[in-house]
There are 2 protein chains.
Amino acid sequence: MQSFTEENYLKVIYHLAEKTETVQTNAIAEQIQTKPASVTDMIKKLADKGLVDYVKYQGVSLTEKGKSAAIDIVRKHRLWEVFLVDKLNFKWDEVHDVAEELEHIKSIDLIERLDEFLGFPKADPHGDPIPDKHGRFAKTQFIKLIDLKVGDSGTITGVSQHSSAFLKHLEKLGLTLGKQIHINDVTDFDGSVEILSSEKQINISREVAKHILISSNGKI
Amino acid sequence: MQSFTEENYLKVIYHLAEKTETVQTNAIAEQIQTKPASVTDMIKKLADKGLVDYVKYQGVSLTEKGKSAAIDIVRKHRLWEVFLVDKLNFKWDEVHDVAEELEHIKSIDLIERLDEFLGFPKADPHGDPIPDKHGRFAKTQFIKLIDLKVGDSGTITGVSQHSSAFLKHLEKLGLTLGKQIHINDVTDFDGSVEILSSEKQINISREVAKHILISSNGKI
DNA sequence: TAAAATTTTTAGATTTACCTAAAAAATTAA
DNA sequence: TTAATTTTTTAGGTAAATCTAAAAATTTTA
Ligand SMILES: [Mn+2]
Ligand SMILES: [Mn+2]
Ligand SMILES: [Mn+2]
Ligand SMILES: [Mn+2]
């Protein structure tokens, strides 16, 4: 069994490993909001427990055991987010911090029953996939909105930025999960994107377009 | 804001104070499963924070601030227990340990929304009253089953022992919350009680009878 | 490839919540 | 009302998770 703190390290390493094979001390420190020296200490501890592979100065990666522990925490986090949105009527920008706490509750029974209560959801309120109880989940193939071409269309199925500010902004623009969009134009001047959604013309900045994930249904 | 550990101390002191005005160091140690020396340390800390009144060698009591913090934790504990039983189909003997963890989740919003989702319940699965958001709740006037006389009858509305073994035993006897009971006889030999419930004759030991709480409707 | 910059680790402290052992105070019994 | 017992506190220490400052390794730049 891992401590609250160890679990947070595992989860952060797991997410960082989605970008780079081996994860750097400084990157972990930034995510955990702690100092690199503290990260080194904890990495050693996790290595002793067989949860990460670690070579001094070379970065860390999760072992199978560590990865499975991390996925378990991700599963809990996302299921709790679904609970908060579907059952307690939280907005999608309000759930992350509470889920950060709830994900550490230790009870296998609890999470299996919660999963059932929620109807075995496949994705959380931000479109992220929810691993099943064996840690299995489909690797979703999303395209960033920014990478679509003029004339392409698709459905918003995820976001790659979970900050409240960003999510509130999308909400205001009406760009929520499940919405159909069509690329009308890309502005030469600033790279901003003109899209059509729910029969409305919306202009979004490059920065916003980068973090909207689309399951494309190709050209109309 | 209190730490997880401080919250546990406050809650334990609150419950112990229901029996004795001022709470002893050893009593706290036993509940928290720790050593008296550790309790003394923590009591000093709580006193510094203005959560308890403490005179060396004289025991502790909660200040208004401490009491309100304790009631807040009790509220959370009991609401989560209702959630586990009503929504996730846990049995009444399975919820306590999970609720011990859930009660420490920090989010005012979460607990208010949970309360609403559950329909503002007034009592938890063991019949214990749930304080409202201002910490107010009716002091329930229960009578112990053991204190009833032959010929009395009433409704089971609570238990004063929350161990899984005890609750499972009651379940098996069919003595759950809301059940009507009638005292048929008290055995001279061992003080065991003959009761009538759901048209069945049941014999319960003194020990069991001590921990069943009845809202009496007097003699039939 | 040597110097500079960056990243990572070590060394030594700190804080929180514990512990054991021994001293002190309070309570109970003789 | 002493003596014995019990309760509580103090003193001194430990483990987990932090920190700062400085040293060491690696990477980048010139
Ligand atoms: Mn989240
Ligand atoms: Mn999410
Ligand atoms: Mn309980
Ligand atoms: Mn209860």
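Nothing here was measured: the structure is a model prediction, and the numbers come from that model. Convention: sequence-line order gives letters A, B, ...; per-chain numbering from 1.
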| message | Rounding to an integer number of Å, can you tell me how far B:I32 CD1 sits from C:dC18 P? | response | 8 Å

| message | At less than 4.0 Å, is any side-chain N or O atom of A:K56 found next to OP1 or OP2 of D:dT26? Yes or no. | response | no

| Length of the line joining A:Y57:OH and D:dA24:P, which is rounded to integer Å | 9 Å

| query | Between A:Q24 and C:dT7, does any side-chain N or O lie under 4.0 Å from OP1 or OP2? | reply | no

| Closest nucleotide among C:dT9, D:dT20, C:dC19 to the A:P36 side chain | C:dT9

| message | Just N and O in the side chain of B:Y9: are any of them under 4.0 Å from OP1 or OP2 of C:dC18? | response | yes

| query | Is B:E30 salt-bridged to B:K35, cutoff N-O under 4.0 Å? | reply | no

| query | What is the distance, rounded to the nearest whole Å, between atom CD of B:Q33 and atom P of C:dC18? | reply | 12 Å

| query | Could you state the CD-P distance from A:E6 to D:dT18, rounded to the nearest angstrom? | reply | 10 Å

| task | Would you tell me if any nitrogen or oxygen in the side chain of A:N26 comes within less than 4.0 Å of OP1 or OP2 on C:dT6? | result | no

| note | Of A:A37 and B:G59, the one whose closest nucleotide on DNA chain D sits nearer the 5' end is B:G59

| field | Whole angstrom value for the distance that separates P of C:dT6 from CD of A:E30 | value | 15 Å

| said: Need one value for A:T40: base, sugar-phosphate or nothing, where a base atom within 4.0 Å counts as base even if backbone is also close, heavy atoms only. | reply: base

| query | Any cation-pi pair here, B:K133 with B:F120, using under 6.0 Å and within 45°? | reply | no

| field | Proximity to the side chain of B:T25 - top-ranked nucleotide from C:dC19, C:dT8, D:dT9 | value | D:dT9

| At under 4.0 Å between heavy atoms, what does B:F4 touch on the DNA or RNA strands: base, sugar-phosphate, or nothing? | nothing

| field | Distance test, side-chain N/O of B:S3 to OP1/OP2 of C:dT16, below 4.0 Å | value | no

| said: I want to check one thing: is the phosphate of C:dC18, taken as OP1 and OP2, less than 4.0 Å away from some side-chain N or O of B:S38? | reply: no

| said: Over 60° means perpendicular and under 30° means parallel, so tell me whether B:W80 and A:W80 are parallel, tilted or perpendicular. | reply: perpendicular

| According to a strict under-4.0 Å criterion, is B:K44 in side-chain N/O contact with OP1 or OP2 of D:dT10? | yes

| Euclidean distance, atom CE of residue A:M42 to atom C1' of D:dA15 [Å, nearest integer] | 12 Å

| message | Could you tell me how far apart B:Q58 (CD) and C:dA26 (P) are, to the nearest whole angstrom? | response | 7 Å

| Full working for side chain to side chain contact (heavy atoms under 4.5 Å, CB included) between B:L148 and B:I143 | CA-CA 8 Å; B:L148 294 183; B:I143 304 155; 4.0 Å; yes

| message | Taking 4.0 Å as the cut-off, does a side-chain nitrogen or oxygen of A:Y54 come that near to OP1 or OP2 on C:dT9? | response | yes

| message | Does the plane of the ring in B:W92 sit parallel, tilted or perpendicular to the ring in B:H126? Use 30° and 60° as the thresholds. | response | parallel

| request: Please check the phosphate of C:dT16 (OP1 and OP2 only) for any side-chain N or O of B:T5 closer than 4.0 Å. | output: no

| query | Per the salt bridge (charged side-chain N to carboxylate O under 4.0 Å, His left out) rule, which among B:E81, B:E103, B:E112 passes with B:R75? | reply | B:E112

| request: Can you tell me the distance, in whole Å, between the CG atom of A:D48 and the P atom of D:dA16? | output: 11 Å

